[in-house]
Amino acid sequence: MINPDLLRQELQEKISLVSSLEELNQLKASVLGRKGQLTQYLRSLGELPLEQRKILGAQLNSLKVELESFFLARERELEEARIRESLEKGRVDVTLPGIRPPLGRRHPLLQVWEEIEDAFLSLGFDIYEGPEVEWEYYNFGALNIPPDHPARDMWDTFYITDKMLLRTHTSPDQIRCMEEQRPPIKAIMPGLVYRHEAVDATHMDVFVQIEGLVVDKDTTFADLKGTLELFVSLIFGPGRKTMFVPSYFPFTEPSAELLILWDDEKGHNAAGGKWLEVLGCGQVHPQVLRNVGLDPQVYSGFAFGLGVERIAMLKYNIPEIRLFMENDLRFLEQFG
Ligand code: FA5
């Protein structure tokens, strides 16, 4: 004999123990579904005598309604729990430390390049730029280096055609600048230069030069020295040891080179020298002035061409120039 009260108790307990919506749906189907327990009971009522059928039928029908509401209530509970759980999982803990995206930074060479430009701008120089692919005339001829002159051997050149080449220095920009502007001229000319050269600890085949040119009526070698000494103190601070040594360039007379002493702690570079040559310089040769239509009786000037990598090497005590081109992050990340 079916006992509706016991059945209610039993099912109520089962419903409360179910822990997921899937299980709940299975249980519901097994009780109220087409072949479910209660559905079967209701179907079998017809086999009972009329009196019994009436009583039990009413009880089972109200149990059915009750059970439906139990199932619905439990379904809501489980649904709420599910939502709470997923909110809990997806919660953002704003107190956790953030993850920093890796930040790029400027290449050390570019930093030094800009520092050098700033130093000269503060001394009243303008910036002028010329092409990297240059006519042989500007790179050599106009600079007082005629064809077949042995001085052309000073620069192993990448030729593009007979007359066109990759500039071996920034000095051709002196000519371009003087052709375009009349004195007084006070300009620097930065850029890449190219040489078919054996690479070693202090030599690259592509590197950065910054040319300087001052042309006016009464410039002297003392102005050149004073300007460069001021420049060195702006970049390295006061007291850095420097040395001017006589040199030769076909486009300056007299000519010199500026050497800077390595940091005292290391005292030398990878090539073994205590001094590193950073630039060539001199007073503009009268023939160069004539080549651009300036009268050397009226005008004089001085010029210099410095190597940016060399300045960076001395500034950061890096004895190996190739490090600047290797793109090794362990090296590059040291420069803020
Ligand atoms: C010249 O290139 C001349 N045009 C400089 C000049 C300009 C003289 C104006 C007079 C008047 P030099 O070849 O020495 O000169 O190069 C100048 C500087 O560039 C050197 O002092 C050095 O700092 C740098 N340099 C030269 N060759 C290399 C190289 N292979 N790798 C890196 N830096 C270099």
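Positions are given from 1 along the sequence. Note that ligands are numbered from 1 as they come in the structure, with each ligand's atoms numbered from 1 the same way.
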> Among all residues two or more places apart in sequence or in another chain, which pass the ring-ring contact (aromatic ring centres under 6.0 Å, His included) test with F249?
Replying inline: F251
>> Grouping I, L, V, M, F, W and Y whenever their side-chain heavy atoms are under 4.5 Å apart, do L48 and I55 come out in a common cluster?
In response: no
>> Suppose we screen for side-chain contact (heavy atoms from CB on, under 4.5 Å). Which residues come up paired with F244, at least two apart in sequence or across chains?
In response: K225, L228, E229, A256, L258, C281
>> Can you pull out every salt bridge (Lys or Arg N to Asp or Glu O under 4.0 Å) where at least one residue sits in residues 96-117? Sequence neighbours excluded, please.
In response: R106-E114, E115-K315
Which atom pairs, nitrogen or oxygen on both sides, join ligand 1 and the protein at under 3.5 angstrom?
{"unit_1": "ligand 1", "atom_1": "2 (O)", "unit_2": "R195", "atom_2": "NH2", "d": "2.9"}
{"unit_1": "ligand 1", "atom_1": "2 (O)", "unit_2": "Q209", "atom_2": "NE2", "d": "3.1"}
{"unit_1": "ligand 1", "atom_1": "4 (N)", "unit_2": "H169", "atom_2": "ND1", "d": "2.8"}
{"unit_1": "ligand 1", "atom_1": "4 (N)", "unit_2": "S171", "atom_2": "OG", "d": "2.8"}
{"unit_1": "ligand 1", "atom_1": "13 (O)", "unit_2": "W155", "atom_2": "NE1", "d": "3.2"}
{"unit_1": "ligand 1", "atom_1": "13 (O)", "unit_2": "R195", "atom_2": "NH1", "d": "2.9"}
{"unit_1": "ligand 1", "atom_1": "13 (O)", "unit_2": "R195", "atom_2": "NH2", "d": "3.1"}
{"unit_1": "ligand 1", "atom_1": "14 (O)", "unit_2": "E277", "atom_2": "OE2", "d": "3.3"}
{"unit_1": "ligand 1", "atom_1": "16 (O)", "unit_2": "Q209", "atom_2": "NE2", "d": "3.3"}
{"unit_1": "ligand 1", "atom_1": "19 (O)", "unit_2": "Q209", "atom_2": "NE2", "d": "3.2"}
{"unit_1": "ligand 1", "atom_1": "21 (O)", "unit_2": "E277", "atom_2": "OE2", "d": "2.6"}
{"unit_1": "ligand 1", "atom_1": "21 (O)", "unit_2": "V278", "atom_2": "O", "d": "3.4"}
{"unit_1": "ligand 1", "atom_1": "21 (O)", "unit_2": "L279", "atom_2": "N", "d": "3.2"}
{"unit_1": "ligand 1", "atom_1": "23 (O)", "unit_2": "V278", "atom_2": "O", "d": "2.9"}
{"unit_1": "ligand 1", "atom_1": "23 (O)", "unit_2": "G307", "atom_2": "N", "d": "3.4"}
{"unit_1": "ligand 1", "atom_1": "27 (N)", "unit_2": "R195", "atom_2": "NH1", "d": "3.3"}
{"unit_1": "ligand 1", "atom_1": "30 (N)", "unit_2": "E197", "atom_2": "OE1", "d": "2.7"}
{"unit_1": "ligand 1", "atom_1": "30 (N)", "unit_2": "M204", "atom_2": "N", "d": "3.4"}
{"unit_1": "ligand 1", "atom_1": "30 (N)", "unit_2": "M204", "atom_2": "O", "d": "2.9"}
{"unit_1": "ligand 1", "atom_1": "31 (N)", "unit_2": "M204", "atom_2": "N", "d": "2.9"}

>> Test salt bridge (Lys or Arg N to Asp or Glu O under 4.0 Å) on K186 and D216; report intermediate values, then the result.
In response: CA-CA 9 Å; K186 194 174 179 186; D216 207 341; over 6 Å; no
> Which pair of non-hydrogen atoms, one from A303 and one from Q174, has the smallest distance, and what is that distance?
Replying inline: CB-NE2, 3.3 Å
